[in-house]
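Below is one structure, written out as structure tokens; the observations come after it.
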Amino acid sequence: MTVDKNTRALESEIETDFSDKMSYGSYLGLDTLLESQHPVSKPEHHDELLFIIQHQTSELWLKLMLHELRAIQQRLRADDLRFALKHIARVKHIQRTLTEQWSVLATLTPSEYAEFRGDLGSSSGFQSYQYRAVEFALGNKNADMVKVFAAEPAAQEMLRETLAAPSVYDEFIRLLARRGFAVPAELLERDVTEAHVFSPGLVQVYKDVYEHAAEHWDLYEACEELVDLEENFQLWRFRHLKTVERTIGFKRGTGGSSGVGFLQKALELTFFPELYAVRTEIGA
Ligand code: HEM
Ligand SMILES: N[C@@H](CC(=O)c1ccccc1NC=O)C(=O)O
């Protein structure tokens with residue numbers, strides 16, 4: 001059957017009455033979702049909606065990323081490496097989407113942004129508790145970050161719990177120990193509320209994994225997946241930095257930091273440093 005007059009007839013079985021049935025909009029809570037964009041510029045600046053939606057979509061992806069990271073932690077704890085790998089694969093796709101998305105915001109020119117930047121007050125992405133929770137879940141803990149959320153008790157509580165829980169990396173290291181690798185004891189007994197710091201002993205563990213990959217294939221694969229996660233995270237940070245640079249140059253941030261200089265320092269933070277260090281040790 002062909003389409004007549006370029007109009008598709010509705011099939012008779014298609015549902016059209018949702019007065020007592022679940023619909024697309026009610027299932028997805030679209031009434032609240034689509035009522036949640038509140039530009040503050042007056043008169044409203046055309047580009048503020050882009051700015052809001054870019055952040056809101058990022059927060060939605062961060063929510064899913066956290067959900068997946070928690071599943072990874074649980075699967076590792078249960079020695080279910082295959083399932084953990086499945087969730088890691090999903091996180092990697094989310095990260096790619098988040099990084100790709102910078103190109104939309106990069107269409108905001110410095111002069112356009114300057115027209116409503118003043119209306120943002122002291123709000124800043126620095127105050128994203130989900131972003132901070134992702135950093136914590138991956139192992140880059142920083143208790144000082146928690147105080148930023150004193151005015152948002154539920155957010156602060158979630159962040160405190162994430163700070164106190166072993167990270168994805170802690171869980172992976174514990175799994176390596178259960179598999180019989182000579183993981184340094186201080187890594188297994190460490191205070192998990194602190195950032196993971198480089199351990200030369202762990203590099204030797206990875207050397208063993210990489211040099212006998214066939215015998216520990218799932219661990220070898222997991223190591224490479226974690227490197228992908230870290231690299232993707234850094235790519236997001238780099239795109240943020242470059243977008244900030246082209247939009248506000250070297251102005252101070254609304255959150256009070258030096259701006260680009262402060263973001264540059266984040267590129268030196270690392271989640272899984274031993275997985276990078278091992279590369280120098282492999283082969284001749
Ligand atoms: C034109 C767009 C943007 C500009 C000019 C900008 C600028 C900045 C600046 C200057 C900082 C440093 C903190 C401060 O003093 O404010 C910062 C931090 C941050 N921004 Fe943005 N940002 C932009 C878009 C975004 C978007 C779309 C997100 C997505 C959620 C985001 C998330 C963050 C996060 C998570 C931090 C904290 C980074 C850290 O602690 O290392 N930003 N941003
Ligand atoms: N920190 C940015 C402002 C900004 O980008 C922002 C403001 C409110 C909510 C989220 C933001 N995004 C990232 O920092 C600036 O200094 O222009």
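Here the structure is a predicted model, which means the values were calculated and not measured. For ligands, and for the atoms within them, numbers begin at 1 and follow the listed sequence. Below, each value reflects all heavy atoms present in this structure, side chains not excepted, and no hydrogens, waters or symmetry copies.
Remark: aromatic rings of Phe116 and Tyr113 are close, center separation under 6.0 Å. Between His87 and Phe83, the distance from one ring center to the other does not fall under 6.0 angstrom.
Judged purely by distance below 3.5 Å, without hydrogens or angles, the side chains of Gln127 and Ser124 never pair a donor atom with an acceptor atom. For the residue pair Tyr169/Glu274, the side-chain donor-acceptor check at 3.5 Å is satisfied. Side-chain contact, Ser41 with Glu115: no donor N or O sits under 3.5 Å from an acceptor N or O. Using a 3.5 Å distance cut-off with no hydrogens or angles, the side chains of Thr247 and Arg117 do not pair a donor with an acceptor.
Between Glu268 and Arg237 there is no salt bridge, since no side-chain nitrogen of the basic residue lies less than 4.0 Å from a carboxylate oxygen of the acidic one. Under the 4.0 Å criterion applied to side-chain N and carboxylate O atoms, Glu224 and Arg279 are assigned as salt-bridge partners. In this structure, Glu68 pairs ionically with Arg90, as a charged nitrogen and a carboxylate oxygen lie closer than 4.0 Å. At a threshold of 4.0 Å, the pair Asp79-Arg179 does not count as salt-bridged, since none of the basic side-chain nitrogens sits closer than that to a carboxylate oxygen.
Atoms of ligand 1 lying under 4.0 Å from at least one heavy atom of Ser58, given by number and element, are 29 (C), 30 (C). The contact set between ligand 1 and Gln54, taken as ligand atoms under 4.0 Å from a residue heavy atom, comprises 27 (C). Residue-ligand proximity, Gly255 to ligand 1, at heavy-atom distances under 4.0 Å covers atoms 14 (C), 15 (O), 16 (O). Ligand-side atoms of ligand 1 in range of Trp236: 29 (C), 32 (C), range being under 4.0 angstrom from any heavy atom. Atoms of ligand 1 lying under 4.0 Å from at least one heavy atom of Ala266, given by number and element, are 41 (O). Ligand 1 places these atoms under 4.0 Å from at least one heavy atom of Arg132: 37 (C), 39 (C), 40 (O).
For the side chain to side chain donor-acceptor pair (under 3.5 Å) with Thr162, the qualifying choice from Arg70, Lys141, Arg132 is Arg70, the only one to do so.
Within 4.0 Å of ligand 2, contacts by protein heavy atoms are made from Phe51, His55, Tyr113, Arg117, Leu120, Ser123, Ser124, Gly125, Ile248, Gly253, Thr254.
Comparing Ser122, Gly249, Pro110, Ser257 against atom 15 (O) of ligand 1, the shortest heavy-atom distance belongs to Ser257. With atom 1 (C) of ligand 1 as the reference point, the heavy atom nearest to it among Leu269, Thr247, Ile248 is part of Thr247.
Near-neighbour remark for atom 21 (Fe) of ligand 1: protein N, O or S atoms under 2.8 Å are His240 NE2; waters not counted.
Applying the ring pair (Phe, Tyr, Trp, His ring centres under 6.0 Å) test to every pair with at least one member in residues 243-263, sequence neighbours left out, gives these pairs: Phe126-Phe262. The list of ring pair (Phe, Tyr, Trp, His ring centres under 6.0 Å) pairs with a residue in residues 134-155, not counting sequence neighbours, is empty.
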Go through the steps for Gln101 and Ser58 under the test side chain to side chain contact (heavy atoms under 4.5 Å, CB included), then give the verdict. CA-CA 8 Å; Gln101 188 172 300; Ser58 300; 3.3 Å; yes
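Aromatic ring orientation, His240 versus Trp102: tilted (interplanar angle from 30° to 60°).
Remark: minimum distance from atom 2 (C) of ligand 1 to any protein heavy atom is reached at Leu105 CD2, 3.4 Å. Protein heavy atom in closest approach to atom 5 (C) of ligand 1: Tyr113 CE2, 3.8 Å. Residue, atom and distance of the protein heavy atom nearest to atom 26 (C) of ligand 1 are His55 NE2, 3.0 Å.
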